[in-house]
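In what follows, a single structure is set out as structure tokens and then discussed.
All heavy atoms count here, side chains included; hydrogens, waters and symmetry mates do not. We number each residue from 1, following the sequence as shown. Both ligands and their constituent atoms are indexed starting at 1 by order of listing.
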Amino acid sequence: MASIAVNIHDIQEQIKAACLSAGRLPETVRLIAVSKTKPASLVKEAYDAGQIAFGESYVQEFLEKSEDPLLDRIPIEWHFIGHLQSNKVRFIIDKVTLVHGIDRLSTAEELSKRAVQHNLHIDYLLEVNTSGEASKYGMQPDEVVASVETLFRMPNITLRGLMTIASPDRSKAREEFRNLRLLLDSLKMISPDPLKLTELSMGMSGDFEDAIHEGATMIRVGSAIFGWR
Ligand SMILES: *Cc1c(COP(=O)(O)O)cnc(C)c1O
């Protein structure tokens, strides 16, 4: 298998090529390396290859990894990309740069409450179910529109954009990415601070090029960097 450094380099090249064909600047797309189920040693290897932002999905695993002696002194930017339950918010609140998977008002409320307690400011994304699959987490698009006024008022947290996991079927995924972008556009029209709504977290190993074409600002890539899980 190719080394992690080679994989990261290859993906950066694919990002550049996708941006070129989409008429975008490569600097407008951030690569989040999804390290769930992978050991701290591989995160370190990716970091040494120049990767700064990492995504984790499971609270317990994330805490153990972020406190691992191999990693605890290096300035990794951690993104929490998994489904976050309210009762777990307090464990991660002071350790993450961005929370991608907020999918209900009650979790946002908890995030806000804990951020106030810790005197922190937290950026987050709402997870949207763009595929309509009942098995998937995420708010329905109309639920997002109905909730944002309440969300915009919550102290110490800032909605920065939207996140989705698309259908495995690539022909459907492209349209789902587009719908996420259109939903973000409509939120900008009702937001008191539209300049804050900049992020579209969409695209994974199998579909990030399509996501870039539809405006992704963050792609979450796991297996194409670290191998199969
Ligand atoms: C696991 C995971 C990814 C990465 O998936 P790959 O197909 O391995 O690139 C991206 N986003 C989320 C939310 C994930 O849970």
Side-chain angles (χ1 to χ4, degrees), residues 1-15 18 29-40 42-43 45-46 49 51-66 76-85 88-89 92 96-104 107 123-139 144 160-174 176-177 180-181 199-229:
M1 204 195 82
S3 78
I4 285 173
V6 171
N7 292 344
I8 290 173
H9 174 81
D10 288 350
I11 291 164
Q12 293 290 6
E13 291 303 309
Q14 289 167 269
I15 293 171
V29 179
R30 291 213 65 209
L31 173 61
I32 318 265
V34 176
S35 47
K36 65 177 185 227
T37 78
K38 302 295 178 183
L42 296 189
V43 174
E45 203 178 318
Q51 180 63 33
I52 307 281
F54 291 84
E56 287 284 335
S57 295
Y58 309 107
V59 170
Q60 188 59 36
E61 183 194 345
F62 163 56
L63 294 176
E64 281 168 20
K65 217 175 286 181
S66 66
I76 286 182
E77 183 186 309
W78 292 109
H79 293 242
F80 194 80
I81 64 169
H83 178 70
L84 186 60
Q85 291 168 281
K88 300 277 175 67
V89 165
I92 68 158
V96 292
T97 301
L98 182 67
V99 182
H100 292 232
I102 298 296
D103 68 350
R104 59 193 68 193
T107 317
D123 285 342
Y124 72 102
L125 309 178
L126 286 179
E127 179 169 357
V128 184
N129 181 338
T130 49
S131 67
E133 283 173 49
S135 60
K136 293 241 166 88
Y137 288 118
M139 296 169 104
V144 172
R160 298 302 312 273
L162 302 173
M163 176 269 209
T164 199
I165 301 174
S167 303
D169 178 347
R170 276 191 74 173
S171 63
K172 291 196 187 131
R174 177 97 187 220
E176 292 162 10
F177 294 144
L180 196 72
R181 170 165 51 82
E199 307 302 330
L200 285 169
S201 168
M202 57 189 195
M204 321 203 304
S205 292
D207 57 16
F208 69 82
E209 285 151 316
D210 287 338
I212 289 172
H213 275 270
E214 294 299 340
T217 62
M218 296 180 175
I219 59 172
R220 310 176 308 269
V221 178
S223 46
I225 295 175
F226 295 108
W228 298 109
R229 289 181 295 271

Open item on the list: For Arg30, is there an ion pair with Glu77 - N to carboxylate O distance below 4.0 angstrom?
Closed with: yes
- [ ] Tell me the residues surrounding ligand 1, counting only those with a heavy atom closer than 4.0 angstrom, sorted by chain and number.
- [x] Val34, Lys36, Ser57, Ile81, Met163, Ile165, Met204, Ser205, Arg220, Val221, Gly222, Ser223, Arg229
Task: Sole residue of Ile219, Ile165, Val221 in side chain to side chain contact (heavy atoms under 4.5 Å, CB included) with Met204 - done: Ile165
- [ ] State which residues pass side chain to side chain donor-acceptor pair (under 3.5 Å) with Lys65; sequence neighbours excluded, sorted by chain then number.
- [x] Glu56, Glu61
TODO: Taking side chain to side chain donor-acceptor pair (under 3.5 Å) as the test, write out the residues that go with Ser201, two or more places apart.
DONE: His100, Arg220
Open item on the list: The criterion is ring-ring contact (aromatic ring centres under 6.0 Å, His included); which residues satisfy it with Phe62, sequence neighbours excluded?
Closed with: Trp78
- [ ] Looking only at non-hydrogen atoms, find the nearest pair between His79 and Ala53 and report the distance.
- [x] NE2-CB, 3.8 Å
